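Worksheet: the structure to be examined is printed underneath.
Both counts, for ligands and for their atoms, begin at 1 and track the order of listing. All residue numbers refer to positions in the sequence shown, counting from 1. Because the structure is a prediction, the values reported are computed rather than measured.
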Amino acid sequence: MTDPGSDPAQARARLVRGLRTHGCAITPAVVEAFLAMPRHLFLPGVPIADAYADEAVPTQVVDGVATSSASQPSMMAIMLEQLAPAPGHRVLEIGAGTGYNAALLTRLVGPSGRVVSVDIDEELVERAARHLAEAGVTGVDLRVGDGALGVPDAAPYDRIVLTVGSWDVRPEWVAQLTPGGRLLLPLTVGGSQLSVAFDLRPDGVLESRSVRSCAFIRLRGAGAGPEATEPVRPGWLAQVPEGAQPDLDLVATMLDEPGKLHRSAGALERADVWDGLGLWLMLTVPGALRLLTSDAEDPPGYWLVPTGQGRATVAVAVPDGLAALVTEPSGVRAFGAQGETAVRRLRAGIDAWYAAGCPHAADLRILAVPAGAALPGEGAVVEKELSRLVVAPARA
Ligand SMILES: C[S@@+](CC[C@H](N)C(=O)[O-])C[C@H]1O[C@@H](n2cnc3c(N)ncnc32)[C@H](O)[C@@H]1O
């Protein structure tokens, strides 16, 4: 019997079974595309078992940081379901990488459709072309260029998908969509990366159809956006919401002044920092910020949520005070002279999250308009450079 770990067809079948079991690949066309496309041919030199594991595979690393990867299959499946490409669609993919997702897209749009895929890195595009030829895939129009600008000469597109994270919603992408078209992108919202499928409404507003949590490499080039984190003090970083400018020197000082721990029910998990309560606090509570430390051990005097690569938490800063969500035991810890004021503000945010029905990323509706346009609805407003977002629970 062939070792299922080394036989590509068996490994692929097992991967797809997992994608179906976990509800990532749902529609028959998406399942069929994953079954048909030999992922290992897009990852030459990678062992079959690794090529078909449900993991991202880094394919280009610069100074220890991955600048390209074959994305995690389950996330790709979730995003293809969000994108819903149909036969005959014209699709633009930004972030060609290995070419594997473009190959899946060609199956989904069929011979009457068109897939244009752009990457900023010429060498990656050359490699993607070789992978596609090896897999016998024709019909991907590969381009080298900065996807921040879209690919205007082949526009308009029924679907535009970024397989790379963006800080902003760029007008170029909106301009290159057909009326009613869909833009799917990993978008930074309150410091979290969310895979948002926006439909373009007749009034020009982008309205989300679905939102999921995700974690992608970020855009290079004109759409790179600001750094995701700012230094607080050695070993500590802060992630601040769009437009906020907390006094991080003061935050650094207050970390040495732990005060009272207010115990609360319910333990925090890693995901709570980035989704659910953490995301809500970042979007709705003035002064909210995430604190991240590379220390795997509990820093003395307070406890943060383990993330696998260190510890992180959501905190609220007020003048001369800080309050942070802590775990083990779970609760809210005050820091600094005005720590109790910060605790009250943080607790009000927690109460509001419960009152709203504990929304997570998937429960949110996001509207996007160009920067300076009238607000298209009610909710938390996130001001970007080129766009403004309004975020609220979908059922509100
Ligand atoms: C996660 S990888 C994409 C994976 C790819 N879709 C696949 O199936 O293998 C992200 C890609 O985005 C590319 N990228 C980064 N900035 C870009 C930009 N401004 N325009 C186009 N591509 C960009 C990177 O070079 C990288 O190859």
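Using a 4.0 Å cut-off between a side-chain N of Lys or Arg and a carboxylate O of Asp or Glu, Asp158 and Arg90 do not qualify as a salt bridge.
Membership of the apolar cluster around Val46 extends to Leu43, Val57, as traced through chained side-chain contacts below 4.5 Å between ILVMFWY residues.
Side-chain polar atoms of Thr163 and Asn101 form no donor-acceptor pair below 3.5 angstrom. Judged purely by distance below 3.5 Å, without hydrogens or angles, the side chains of Arg290 and Thr229 never pair a donor atom with an acceptor atom. In this structure, a donor-acceptor pair under 3.5 Å is present between the side chains of Glu340 and His262. A donor atom on one side chain and an acceptor atom on the other are found under 3.5 Å apart for Gln60 and Thr67.
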Output block, N or O contacts of ligand 1, threshold 3.5 Å exclusive:
residue, atom, partner, partner atom, Å
ligand 1, 6 (N), Glu93, OE2, 3.0
ligand 1, 6 (N), Gly95, O, 2.8
ligand 1, 6 (N), Thr163, OG1, 3.1
ligand 1, 8 (O), Asn101, N, 3.0
ligand 1, 9 (O), Thr98, N, 2.9
ligand 1, 9 (O), Thr98, OG1, 2.6
ligand 1, 16 (N), Arg220, N, 2.9
ligand 1, 19 (N), Asp146, OD1, 2.8
ligand 1, 19 (N), Arg220, O, 2.8
ligand 1, 20 (N), Gly147, N, 2.8
ligand 1, 22 (N), Ile120, N, 3.3
ligand 1, 25 (O), Asp119, OD1, 2.7
ligand 1, 25 (O), Asp119, OD2, 3.4
ligand 1, 25 (O), Arg220, NH2, 2.7
ligand 1, 27 (O), Ser68, OG, 2.7
ligand 1, 27 (O), Asp119, OD2, 2.7

